[in-house]
Amino acid sequence: MRGRGSIIDMQENVIDKLQSNEIYPFSVIFSYEAGDNNGILAITLYTELDYERLLDLLEYESQCDKTGFVVLKDTNTVILSDMALINFYVKL
Amino acid sequence: MKVLDIFEEFMTLNYDVPGEWGKTIRDVSLKEYTIARYDDDSYTIHFLLNGVSIKIDWRWLDLFSSLNVISGSRIISLANEGELDEIEEFINLFLQFQIQLDRRNGDNMLNLLSDICRVKTDKFRDFLQDRYKKVLKPIIFKSIEKVVEI
């Protein structure tokens, strides 16, 4: 089981990546199940502008396979898992 | 015997809160996009769909987990039988929440938590402080628009 360091590090790493792209999130939560090396990442942004900016960085619209993306415009939230999460680490 | 009598009996056991928790982070999935996280000082429920979080200080869980072990079944039995006053209702409500928490039951646990947020914790916290000189922090609800003490 991953402990405090791993989850905190992951979240801080995500925040750093977002901030280096001048996106300042309201909430970044990373979680995973035992035995799953990938996990799930949920990012909630303060503004619609940041939400759209993040999707642009992830090239969301041009993804043929949007499996692993859950995008919620009403709450400015993007939830990533599986290949979408890997895509995040590659793109940002 | 009343629920309050059982609670008072439990509090005579010199219940005390340890100073250091030293727990690592551990996540528990509740429903598909809700997780609960144990960390050093709190139990927090994160609603991944919109970033909302509800944070519960560890002292709540320690108090009601111990209460459940020692007196839980008697309180539930009494609560099912008769009328409860406001404090007793709250004790029963949070006890039920703690039981669901221990079972990691997502649906009913979240329903109980919403009931707790509706009735709020201030009267019980005042009672605990006045009667037993024990301080519990309020539950914290946090969203983009607001931070609310419950």
Side-chain angles (χ1 to χ4, degrees), chain A residues 1-15 18-19 23-55 66-82 84-85 88, chain B residues 18-59 61-62 100-107 109-110 113-114 117 138-150:
Chain A
M1 169 168 45
R2 291 183 195 173
R4 176 190 177 90
S6 177
I7 290 178
I8 290 282
D9 288 345
M10 192 71 79
Q11 286 171 181
E12 288 180 353
N13 184 255
V14 168
I15 292 170
L18 291 171
Q19 290 181 347
I23 296 175
Y24 300 92
F26 164 68
S27 165
V28 171
I29 297 296
F30 175 76
S31 182
Y32 69 98
E33 292 182 44
D36 172 13
N37 290 321
N38 204 7
I40 184 169
L41 175 67
I43 302 168
T44 298
L45 293 315
Y46 282 104
T47 66
E48 190 176 332
L49 199 63
D50 280 345
Y51 163 83
E52 287 171 355
R53 183 113 192 283
L54 176 59
L55 290 182
K66 289 180 168 60
T67 305
F69 281 95
V70 175
V71 295
L72 301 130
K73 190 170 182 179
D74 288 347
T75 59
N76 295 333
T77 296
V78 178
I79 302 176
L80 306 171
S81 62
D82 299 322
L85 184 54
F88 174 88
Chain B
E20 298 290 330
W21 296 106
K23 294 187 184 288
T24 58
I25 280 196
R26 182 165 63 87
D27 282 355
V28 176
S29 295
L30 291 180
K31 301 184 74 170
E32 193 174 352
Y33 292 118
T34 306
I35 62 163
R37 174 166 290 172
Y38 292 91
D39 61 25
D40 281 357
D41 65 352
S42 68
Y43 174 79
T44 308
I45 294 173
H46 296 276
F47 297 91
L48 301 189
L49 291 177
N50 57 10
V52 164
S53 67
I54 295 178
K55 180 174 176 176
I56 303 171
D57 186 79
W58 262 108
R59 286 163 181 77
L61 309 186
D62 189 76
Q100 294 296 318
L101 184 62
D102 290 340
R103 292 181 190 165
R104 301 182 192 178
N105 182 319
D107 285 348
M109 196 188 96
L110 294 176
L113 182 61
S114 80
C117 292
I139 292 171
I140 307 293
F141 169 91
K142 186 179 170 191
S143 72
I144 287 180
E145 289 90 14
K146 58 180 95 169
V147 177
V148 178
E149 292 186 347
I150 294 170

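A note on names: the letters A, B, ... follow the listed sequences, proteins ahead of strands, and every chain is numbered from 1.
- One distance of note links NZ of B:Lys142 with CZ of A:Phe26; it measures 5.5 Å at 0.5 Å rounding.
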Under the criterion side chain to side chain contact (heavy atoms under 4.5 Å, CB included), I'd like the reasoning laid out for A:Thr77 against B:Leu48: C-alpha separation, chi angles, the key distance, then a yes or no. CA-CA 8 Å; A:Thr77 296; B:Leu48 301 189; over 6 Å; no
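- Distance CD1/A:Ile40 to CD1/B:Ile35: 8.5 Å, rounded to 0.5 Å.
- For A:Leu41, no part lies under 4.5 angstrom from a heavy atom of chain B.
- Note: B:Asp39 CG to A:Ile7 CD1 = 10.0 Å, rounded to the nearest 0.5 Å.
- Within a 6.0 Å radius of CD in B:Glu32, other residues, nucleotides and ligands contribute 12 heavy atoms or fewer.
- A distance-only check finds no donor-acceptor pair linking the side chain of A:Ser31 to the backbone of B:Asp27 [under 3.5 Å].
- Considering only residues two or more places apart in sequence or on other chains, A:Asp50 meets the salt bridge (charged side-chain N to carboxylate O under 4.0 Å, His left out) condition with none of them.
- Contact annotation for residues 66-73 of chain A against chain B (heavy-atom separation below 4.5 Å, listed by residue number): A:Val70, A:Leu72.
- The contact between B:Leu49 and chain A is made by backbone and side chain atoms together, counting heavy-atom distances below 4.5 Å.
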